[in-house]
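Start at 1 with the first residue, then count along the sequence. Just the heavy atoms: all of them, side chains too, but no hydrogens, waters or symmetry mates, feed the values below.
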Amino acid sequence: MGDTGGLKKRGKGAGANSTAATPSTDVQQAASSSAGEGGPPSPKPAAKVVAKKPSPPKSADEFLKALDKEARVRTRQWEGAWAVGTVLVTIIAFLTRMYRISDPPEVVFDEVHFGKFASYYLRGEYFFDVHPPLGKMLLALTGWFVGYDGHYLFDNIGEKYVENNVPYVSLRLWPAICGTLIVPFSFLTMKEIGLSFPGAMFGALMLIFDNALITQSRLILLDSMLLAFGTMTIYCWIRFFKQRHAPFSFTWWLWLSLTGVTLALTLGIKMVGLFTMATIGIATLNDLWRLLDIKRGLSNREFARHFAARALCLIFLPLFLYLSFFYIHFMILPYSGPGDAFMSPAFQAELKGSEVKALAVAIPYGANVTLKSREQSVYLHSHVDRYPLRYDDGRISSEGQQVTGYPHKDANNFFTIVELDPVLYPPATDIKLTEEEKKKNIRYLKSGDVVRLFHPLTNSYLLTHDVASPLTTTNMEITTISATAADHDARYNDTLWRFDVIDGEVGDKMKTRRSHFKLVSIPHRVAVFANKGVLPEWGFGQKEINGNKNLNDKGNNWYIDELEHPRIVNGTEVDSDKEPAKEAKEERRLTFLQKFIELQAAMISHNAGLTKPHPYSSTPITWPFVVRGISFWETKDGLRQIYLLGNPIVWWASIVGVLMFCTMWVLDRIFLRRGQDGFGTSLRRWWDRGVGFLFLAWLMHWFPFFLMGRMLFLHHYLPSFIFSTICTTAVVDFIGRIIMEDPQAIALGDADLAARIPYKAWMRSQGGLSYWAFLAAVLAVFGWSFFYFSPLTYGSGFPTVQDLRARKWLSTWDLQHA
């Protein structure tokens, strides 16, 4: 990679003026032996050789093998320290997360959601959430292990656990364990990318001393699981990549498969796992591009094997596992529950005890019905009040009768389904009754039927016309017209509406609750739409109803909730044989994939719709600088508050480290263009593949949030924070160790040979005393900052208001009572 002229020039200076960085005896012997000299070289001849224009050894491979041997020996000498270090950081991380885990003994922040979802699993009642099911199922499994039956529903923040007999400490234990695992896997990741032992300990302690990670790991929440599995994914990928010289070996397959498994686990917790998948995907494409190079010597068949192996383990294996999470999700939630309303009628009908199936009844013509919006949960409603002649923006209305969306049951919600007059609408003459309808002397509403909707209390018909709606000027006004005027030819067609059943076929018999439909105007081709917008005072704060030209909008979806008809008594049709066996056979059951796709679409849609302002929301650009945290819990007694706040010194240091990496990378490329190669090919390859991969992970877990319109919070940055910390550690470790070594001196001034030296061979040092002292001093500052803000982490409180106010370093930190 690049010109080596800069290395050659630097090599002359290093050899002539310095002997401080001479290679070890074994390496010197290898170099001199390969040059044809017997025995170890004396210092004077060695200096003389370097002073002259160097020539490479006759056997560079032998020289590099000797360097590699020495590096391996040094690595083995530290294996014991790495093992002890792994255990040590794990224990410290566990203790920091378990400290005061039983306090407070109350529902805290989003425990109100995820504790509730765990209870629903244990009760088998279907619920809906925007996140995939794995994390909540693991919480439920934890509760099942300790004998919890899901009797408590975590209704309100601040409710007492002990009074409700909830094993909350056990439920908090699993997230705490996951939060603990973040640290050792990050520590081992730093080992695998080639950092020194003190450097990796430094990075692990940065994570241990972070207040935000501890806060997020001590409660019944999903994020610690997401972070643990995400960190495992990065670790497994690095282990796989290091097996690239032994393709298709058992170890190669093992780490590739484990990467796929941990990818599925990460995605199974939250959709943020897609960012982890994108990170691995980019790294995989880069790896395949490298293998595709003809210089690699791979045949087309061998490359195809590599491609197929990665596709199998990184696409199909995660997909299979991800699907299996939802299969289990559906299997253990067989009963109707609070999530029914988010799903289609066909989905709801398969849940035990569902009202959609129990209360579904065929709809006869002449019935009085209420139409309810699936998206807005409001009834189609009308009353005698009219639209104002002039709106606030100066537009003129029709002054017609108001048609609105009303959230409560009311007599004004009822409309009567009226058959068409064949004289005024000739296509109505083609209607043919079924044998059942002839036998019962009744006609049922079917998908595709064209009807009129009569509003009995105001003696008017539902109508739309070419007048702009009050709030949405691009849509048409929905109003009513008196029965007398509606029966004239000029306005009759404006009162015609067609029932288009969603996922149904023309002619299918419609049923209450079961059939969801769009109500489409025949002459104007617009659908009745329940808008999120609220009408002003003249509309009594009710929802706007208008005619939507976009027929595919989900806001057009309605269903018939209530039905009144002489033949329907207590939800059952009088003198109806119901044809139970035949009807059961005719009902279509959804396949697993149909259920999965429906739920996945609902999750994505509702997640994107989380745009309601929140007092603790923040923007992505502020996250690395800890501009705003999140208040989880607070009480005036003892000035206690749990506030999600990253250790500010650690977070600020981490973003500085990332910026240092970017600066060093850019400067290296600039110098390389000028013929000054300060790194060399081998080190640059490590810098790009190792530290650059960490930078990619940081960026891919942060940048996508800039493209989102939903409400965002500080905890969304935690995956990026972990990778920024490891990246910063790598930069610090590189700078601290590069001072101790010089590849030119190791290669006896041969720049070409120096460029081939593996980074492990010339970054052999674990750092000098000054490096260790520097790390210890910085860690002391990190540790002080952690303990200083720990009362906000553990909710232990403050003796005085002045002590609390002293922690408010930024005015944007929402510290209560400060």
Undergrad: Quick one: which of W702, W698, F705 gives a ring pair (Phe, Tyr, Trp, His ring centres under 6.0 Å) with F275?
TA: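 Passing option: F705.
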Undergrad: So, the side chain of R689 versus the backbone of R685: is there a donor-acceptor pair under 3.5 Å, distance only?
TA: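 Pair absent, no side-chain N/O of R689 close to backbone of R685.
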Undergrad: Go through it in stages, so that I can follow the logic: the residues are F592 and F326, the test is side chain to side chain contact (heavy atoms under 4.5 Å, CB included), and I'd like the CA-CA distance, side-chain angles, deciding distance and then a yes or no.
TA: CA-CA 9 Å; F592 163 70; F326 283 87; 4.2 Å; yes
Undergrad: In chain order, what residues pass the salt bridge (Lys or Arg N to Asp or Glu O under 4.0 Å) check against R244, with sequence neighbours excluded?
TA: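 Here no residue qualifies.
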Undergrad: Do we see a donor-acceptor contact under 3.5 Å between the side chains of Y235 and W255?
TA: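 Y235 vs W255: no donor-acceptor pair found between side chains.
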Undergrad: Mark yes when over 12 heavy atoms from residues, nucleotides or ligands other than F774 sit less than 6.0 Å from its CZ; otherwise mark no.
TA: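 For F774, atom CZ is not crowded (no more than 12 foreign heavy atoms under 6.0 Å).
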Undergrad: For L291 and R310, what are the C-alpha separation, side-chain angles and deciding distance, and is it a side chain to side chain contact (heavy atoms under 4.5 Å, CB included)?
TA: CA-CA 12 Å; L291 294 174; R310 287 160 176 79; 3.7 Å; yes
Undergrad: Going by the angle between their ring planes, with limits at 30° and 60°, are F782 and F202 parallel, tilted or perpendicular?
TA: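 Geometry flag for F202 against F782: tilted rings.
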Undergrad: Show me the donor-acceptor pairs, under 3.5 Å and distance only, between side chains in residues 185-194 and residues at least two apart or in other chains.
TA:
residue : atom : partner : partner atom : Å
S186    : OG   : I182    : O            : 2.7
T189    : OG1  : F185    : O            : 2.7
K191    : NZ   : E79     : OE1          : 3.2
E192    : OE1  : K242    : NZ           : 2.9

Undergrad: Using a 6.0 Å cut-off, check whether atom CZ of F316 has over 12 heavy atoms from anything other than its own residue.
TA: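 Result for CZ/F316: open.
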Undergrad: Checking side chain to side chain contact (heavy atoms under 4.5 Å, CB included) for the pair L699/V658: CA distance, chi angles, key distance, verdict?
TA: CA-CA 10 Å; L699 187 64; V658 171; over 6 Å; no
Undergrad: Parallel under 30°, tilted from 30 to 60°, perpendicular over 60°: which one fits the rings of W237 and F693?
TA: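 Plane angle between 30° and 60°, so tilted.
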Undergrad: At their closest point, which heavy atom of V89 faces which heavy atom of I208, and how far apart are they?
TA: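 Reported closest heavy-atom pair: O-CD1, 3.6 Å.
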Undergrad: Regarding T725 and S654, is there a side-chain donor-to-acceptor distance under 3.5 Å anywhere?
TA: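 Result is yes, a qualifying pair exists.
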Undergrad: Tell me whether D210 contacts the main-chain N or O of N647 through its side chain, where contact means a donor paired with an acceptor under 3.5 Å.
TA: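 Yes; judged by distance alone, with no hydrogens or angles, the pair exists.
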Undergrad: Under the salt bridge (Lys or Arg N to Asp or Glu O under 4.0 Å) test, which residues partner R218, sequence neighbours left out?
TA: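 Scan of R218 (salt bridge (Lys or Arg N to Asp or Glu O under 4.0 Å), adjacent residues dropped) gives none.
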Undergrad: Got a sec: does the CH2 of W144 have more than 12 other heavy atoms crowding it under 6.0 Å?
TA: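 Result for CH2/W144: open.
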Undergrad: Check for a donor-acceptor pair, side chain of S720 on one end and backbone N or O of H701 on the other, with a separation under 3.5 Å.
TA: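 Yes; judged by distance alone, with no hydrogens or angles, the pair exists.
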Undergrad: Between H329 and Y121, how do the two ring planes meet: parallel, tilted or perpendicular, split at 30° and 60°?
TA: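 Taking Y121 first and then H329, their aromatic rings stand perpendicular (interplane angle over 60°).
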Undergrad: State yes or no: are the ring centers of F625 and W652 separated by less than 6.0 Å?
TA: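 Not close enough - the centres of the two rings lie 6.0 Å or further apart.
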Undergrad: Take the angle between the ring planes of F197 and W772 and call it parallel below 30°, perpendicular above 60°, tilted in between.
TA: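 The arrangement is tilted - the two ring planes meet at 30° to 60°.
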Undergrad: Establish, yes or no, whether a centroid distance under 6.0 Å links the rings of F695 and W665.
TA: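 No, too far apart.
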Undergrad: How close do H716 and P719 get, heavy atom to heavy atom, and via which atoms?
TA: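 Heavy atoms only, the tightest pair is O-CD, 3.6 Å.
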Undergrad: CG of D293: more than 12 outside heavy atoms within 6.0 angstrom?
TA: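 Atom CG in D293 is crowded, with more than 12 foreign heavy atoms closer than 6.0 Å.
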Undergrad: Can you give me the closest heavy-atom contact between A228 and L181, atom names plus distance?
TA: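 It is CB-CB, 4.5 Å.
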Undergrad: Return yes if some donor-acceptor pair links the side-chain N/O of D733 with the main-chain N/O of S196 below 3.5 Å, else return no.
TA: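 Answer holds: yes.
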Undergrad: Where is the tightest heavy-atom contact between M277 and L263, given as atom of each residue plus distance?
TA: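 Where M277 meets L263 most closely, the heavy atoms are CA-CD2, 3.6 Å.
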Undergrad: For F250, look at atom CZ and say whether over 12 heavy atoms of other residues, nucleotides or ligands are found less than 6.0 Å away.
TA: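 12 or below, so no.
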Undergrad: Take the angle between the ring planes of H306 and W252 and call it parallel below 30°, perpendicular above 60°, tilted in between.
TA: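 Judged by the thresholds at 30° and 60°, the geometry between H306 and W252 is perpendicular.
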Undergrad: Closest approach of L321 and A264, non-hydrogen atoms and distance?
TA: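 Closest heavy-atom pair between L321 and A264: CB-CB, 3.6 Å.
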Undergrad: Do you know the tightest heavy-atom contact between C178 and S224?
TA: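 Here C178 and S224 meet closest at CB-O, 3.7 Å.
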Undergrad: When you look at OH of Y99, are more than 12 heavy atoms from neighbouring residues, nucleotides or ligands closer to it than 6.0 Å?
TA: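 Count not over threshold, so no.
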Undergrad: So M664 and I735, side chain to side chain contact (heavy atoms under 4.5 Å, CB included) or not? Walk me through it.
TA: CA-CA 11 Å; M664 294 169 68; I735 295 174; 4.3 Å; yes
